[in-house]
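Notes to accompany the following structure.
All values below were derived from every heavy atom in this structure, side-chain atoms included, with hydrogens, water molecules and symmetry-related copies excluded. Remember, it's a predicted structure, so these values are computed and weren't measured experimentally. Letters A, B, ... are given to chains in the order of the sequence lines, protein chains preceding strands, and every chain is numbered from 1.
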Amino acid sequence: MPVVRLYYQDLEEMVGAPRETIMNRLPMIGADIGKRAEEDHVDVEFFPDRPDLYSSEGVARAMQGFLEVETGLVEYEVHPGKVALDVDLSVKDVRPIIGCAVVRGLEFTDPAIESLMDLQEDLHWGLGRNRKKVAIGVHDISRVEPPFRYLGENPEREFVPLGYEESMSMREMLKRHPKGMDYGHILDGFDRYPLIVDAKNRVLSFPPIINGQLTSVTETTRDLFIDVTGTDPVVHRALNIVVCALAERGGRIESVLVRDQASAFSSPDLKPSRWTVDHEEANRLIGTQMSQEEAVGCLRRMRFGAQKKGPEIEVLVPAYRADIMHSWDIFEDLAKGFGYENIPAHLPGTNTIARAHPLEERKAEVREVMAGLGYLETMPFTLTSEKVNFRNMGRHEGGHTRVRHPISELHTMIRTSIMPSLLEIFSFNQHHPLPQRIFAVGDVVIEGRTRTSLAAASIHSAAGFAEIRSVVDAVLRDLGLDLQIVPSDNGAFIPGRGADLVAEQEANLESGRAGGAGRSGGRRLGCFGEVHPQTIVGFGLEQPVVALELLIDA
Amino acid sequence: MGLSWAYLRPNITLANPDKISYFFRTVDGHLKYGFLDSLAVDVIIMASVELSERDKLVLQAVSRGMTDPRAIAEKHHLPFESVISTADLLAEKGLVLVEKRTDEVCSLTPEGRKYAEEGLPERQILNLVASGLSMSELKDPSLKIGIGWVRKKGWATIDKGILRPSGQATPGKDEETLELLSQGSRSGSELDKDALAELKKRALVNSSTAKSWQFSLTSRGSEIDLDAAFVQGIKQLTPSLIKSGQWKDQRFIPYDVTLSSESVYPGKRHPYQRLIDAMRAIMLEMGFTEIKGDIVQSSFWNFDALFQPQDHPAREMQDTFYLDSLAEIPDYSRVKEMHERGGAVGSAGWGGCWSPEVARQEVLRTHTTSISIHYLADHPEPPVKAFCIDRVYRREAIDATHTPEFEQLEGIIMDRGVSFGNLLGFLKEFYAKMGFEEVRFRPGYFPYTEPSVEPEVWIDGLGWVELGGAGVFRREVTAPFGIEHPVLAWGLGVSRVAMLTLGLKDLRLLYQSDMGWLRETPVSVQRSR
């Protein structure tokens, strides 16, 4: 989640309230204050649905309302400007949408520059899907001459990118410039790249990769040209958030005329959107009994425009809010404005009769039996590898679910059997006294289906077939299972000392779907025996092991 | 404050108690080990004494004044060596003091025995001379060696071959010793040291070393309740003792019941499973139905059904384990319509084009909410109260606080007229049952709930700790499945609770368990409610 750095002094000045008051109430508009507060600042996390809070200016605006320093809608005036931008047809395929604005008369203090840069980055992440949907460029407009042009350009076109002294081609930038390497994939497959140039064909920006060096912003910059480009209309929302934040810093917003062959529009459009909501519906959702007046007050506290309109409430949603897509989104703000701590918290009256899941009850029976037999329960990971699940066990690979992009070679698939995990646990515990007897009951995935399996294993110098046979008999007896015990060719066991647990013939139809067919032709539900020394050694063990495995959901 | 006490293991000798290290147990039950004088121990408790039949015989003999093991062995027809070893054991129990001596035993050589009968050569010469014999008449060569001794002892002078007695020839210590030894072997300590040395030098006396023992009772040995300890006792009760009734005639040897024995550990549920079961019990107690689902889910149930846009960051390969397989998905027309245009609930929708191919991609479920929405789609009529505790998967590198799979608790309440306030009321009750009495609610954000809340619980020493998330399912989530009443939903990372209640520092311990931890973690946990 985006982290916004708030400087106390800066914030106090903008909000007009003491630092303690702000910090106390800040979490209640939806924020996670970092545990480590520094002398002069604190880092605060905001949620992905509120990109308008990704700047200290946006936070200050919200807190002014929440603390009732100033409530209701902030109306940002867009002054008619003289700058125009022409959109060339050549860019429509690669990055069709653009919004822009001019903001004049800014004074960039350090916190202001830092806040603007952070806001830009957070919007790239939050709304922009890492610049794919939205990319923002900010320019010192005094260095260039309007009108500007947004076009699809030949990748061989050269200019000096931000932070460099020599010019290079756009194609080269994708290979050599750090930003090009990070974001170049967005332009994969296009033969023309987006570019913004001025009246003299000088480069302002190569969206969504990098600006030109020419228009870089410094502390002496006073007037900005902002371009936001992308593939989705959310571009305009991002632009609104940026210009409104700059307006909070005292900037004067001027419109830009954006033209293409067919039409023209004035950007930015900061008109609030108009909603009509029913406060009784809000009361039902939230569980409150607010009057219409109270509801209006709560909404204004959250910086909406709000007024009674008959039995309903007319709400003006500011142009910088990106999260209001349904009336319930407004109701959530209403609840925040009311204060979560003031909402009556009563148990629901819903009467229902509980029912445990039969499979969980089965697992509880298994645990009772295994614990009674002296086995300690373990809960290993279900993620494992082919090496552990198959190769170490002398088994053929198959029937398993692989993950497409494993994060480590230890976790490439979901286990088809729990027994290997138990041997792994033995290998972690060789410094503890023997005998060790452990079991696990949990999920395996066989042929894409989630199944529930029990595995148990015993390791000590005298572990032998008779021991595990006794345990198998006890398990079958106590779980009420009637399974045939037939010789097994399971490679995990010493030949002649392994057995399969097979369901009766009547279940033949299902064979193949489950663990596979046993020798008798029935469904194989499990196996047990003396673990093969090759397997013992494979897990780095030095003592005899006996083990069993049984699907318990059959 | 209670007294601390030490108990002495019976196999530790009491000969010098201060300088011997002991196991001792302090009042609070800890076993320690150290020198007695370095321990601030208030009371020493003697380990009770176990005496065997043989112990009993030997101790009785010593208490009746028999100090010599040979005598004891003879009297009780015991092998001498076993009397010695029994006495040593009794000494270790602090009952008997065993003094062991190594002695020199002296006896006469054949030559010495001859002279003991006939007199030393110098004495014989003196006698012969007294009877008028001249020196030249001494023919016996064995006597000739006496001449030197006569002069050396000052019994006579020799002048020009003539021996003149001095008149002083009282029998010496050597002759007395010879006389004594002629009666039998003697300990070197009973004999005159110089004379013995002289006789040994003259090869008239032989010496050899011999061990001897002397037993006596220690003060503890004499204080011991003879009747109590000396009665013949039963150690192991056997079936034959029971059947024969012999146990009635004998006493059971009392054991030191404070001694610890070998550690044994029961088989038991995993501590984490016990926590999960406790949470299941709470949910069942509150009337919820337990539900389950597959680990492998379609993106449709994992994301799309929850109104997560198809380009949402949480759906990226970065965070989610995708599989190579595609799933069958149900009729998706209403979900598609909701994503693209907001359906008929007055939502704006996400816009763009919703792709069924993306929805078919299979994933390892990233949350149990996929199970909840699937269950609700199958049970759209109120009331529904359902919960699920199961593993979920996130593509995260493994470390102390992150594991790629972990348990999540998920609960839903769907009914006519339930509200966000009811959700808060439910959460208060649930956390209180979990032992977290103080709960507060902070606004939160989840893509599929509105309003959303992040509950925080107060934990002494940690402050407010975020524990789970909750909210009311958005209309965009419920409407496509014909669910017309509010759904209150909440979820909770169970492993986070485990870290708090089991005091874990490393989550991996839950899954890659240390056997010592499993064995030692008590089954019993304190519950506040």
Side-chain angles (χ1 to χ4, degrees), chain A residues 27-30 47-49 129 284-288 325-329 331-332 335-336 340 343-348 350 352-357 359-360 367 370-383 401-405 407 411 414 425 428-429 432 436 443 445 448 450, chain B residues 267-270 272-273 284 287-292 294-296 311 313 317 321-325 345-348 364 383 385 391 395 397 404-405 413 415 418-422 424-426 428-429 441-445 450-451 453 472 474-476 486 510-516 518-519:
Chain A
M28 297 313 285
I29 64 166
F47 297 117
D49 63 328
R129 304 285 188 260
R284 282 194 297 276
L285 174 65
I286 303 167
T288 44
M325 59 195 299
H326 183 247
S327 53
W328 285 20
D329 294 309
F331 295 162
E332 181 181 60
K336 289 180 196 170
Y340 274 20
I343 297 171
H346 298 305
L347 269 179
T350 306
T352 45
I353 293 174
R355 201 174 67 238
H357 197 282
L359 195 53
E360 287 299 329
R367 289 188 187 103
M370 292 316 298
L373 290 166
Y375 281 67
L376 274 172
E377 187 177 14
T378 61
M379 301 176 79
F381 286 127
T382 56
L383 284 163
T401 297
R402 282 184 61 82
V403 299
R404 208 194 286 168
H405 300 283
I407 207 155
H411 294 149
I414 295 283
I425 286 182
F428 303 144
N429 280 288
H432 286 296
Q436 293 173 5
D443 291 338
V445 175
T450 303
Chain B
K268 47 192 179 183
R269 277 181 297 160
H270 194 291
Y272 189 36
Q273 184 61 42
L284 292 169
F288 285 74
T289 291
E290 188 172 36
I291 59 177
K292 295 190 79 66
D294 274 1
I295 289 175
V296 176
D311 66 349
M317 304 277 180
F321 284 117
Y322 279 88
L323 310 178
D324 280 322
S325 43
V345 298
S347 173
L364 301 183
K385 276 164 71 179
R391 270 198 201 171
R395 198 173 168 277
E405 48 185 296
I413 301 170
D415 200 5
V418 292
S419 69
F420 184 63
N422 290 141
L424 302 186
F426 169 79
K428 272 199 167 157
E429 187 66 27
F441 300 112
R442 188 162 59 74
Y445 167 72
E450 196 80 9
V453 58
V472 184
R474 298 183 70 100
R475 285 296 285 140
E476 292 96 327
L510 295 176
Y511 304 100
Q512 300 171 338
S513 292
D514 178 77
M515 207 72 74
L518 290 178
R519 283 171 171 164

Between [options], which shows the greatest number of heavy-atom pairs under 4.5 Å with chain B?
options	answer
A/T378, A/L373, A/I353, A/L347	A/L347
A/I343, A/D49, A/I425	A/D49
A/V445, A/T382, A/I414	A/T382
A/G287, A/A345, A/S327, A/G372	A/A345
A/G448, A/A371, A/A335, A/G374	A/A371
A/Y340, A/W328, A/F331	A/Y340

Could you measure the distance from the [atom1] atom of [X] to the [atom2] atom of [Y]? Nearest 0.5 Å is fine.
X	Y	atom1	atom2	result
B/R474	A/E332	CZ	CD	8.5 Å
B/R395	B/Y322	CZ	OH	11.5 Å
B/S325	A/R404	OG	CZ	8.5 Å

Check whether [X] gets within reach of chain A through its side chain, its backbone, both or neither, counting any heavy atom under 4.5 Å.
X	answer
B/R475	both
B/F288	backbone
B/L510	backbone
B/L323	both
B/M317	side chain

So, the side chain of [X] versus the backbone of [Y]: is there a donor-acceptor pair under 3.5 Å, distance only?
X	Y	answer
B/K292	A/L359	no
A/Q436	A/N429	yes
B/K268	B/R519	yes
A/D443	B/D294	no
A/E377	B/R269	no

Any side-chain heavy atom of B/E450 within less than 4.5 Å of one from B/E476?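 Heavy-atom side-chain distance check fails, nothing below 4.5 Å.
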Is the closest side-chain heavy-atom distance between A/P344 and A/T288 below 4.5 Å?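 SC-SC contact between A/P344 and A/T288 confirmed.
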At their closest point, which heavy atom of A/H357 faces which heavy atom of B/E290, and how far apart are they?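 Distance-wise, the nearest heavy atoms are N-OE1, 2.7 Å.
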Shortest non-hydrogen separation from A/H432 to B/D514 and the atoms involved: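 Minimum heavy-atom contact is NE2-OD1, 2.9 Å.
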Using a cut-off of under 4.5 Å on heavy-atom pairs, state which of [options] scores highest against chain A.
options	value
B/L518, B/L424, B/D415, B/N422	B/N422
B/G346, B/A397, B/G425, B/P443	B/P443
B/F426, B/F321, B/Y445	B/Y445
B/A348, B/P383, B/P486	B/A348
B/I291, B/L284, B/V453, B/V296	B/L284

Parallel, tilted or perpendicular: which fits the ring planes of B/Y272 and B/Y511, with parallel below 30° and perpendicular above 60°?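 B/Y272 vs B/Y511 ring planes: perpendicular.
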Heavy-atom distances under 4.5 Å only: say whether [X] touches chain B with side chain, backbone, both or neither.
X	value
A/R367	side chain
A/F428	side chain
A/T401	side chain
A/V403	both
A/R284	backbone

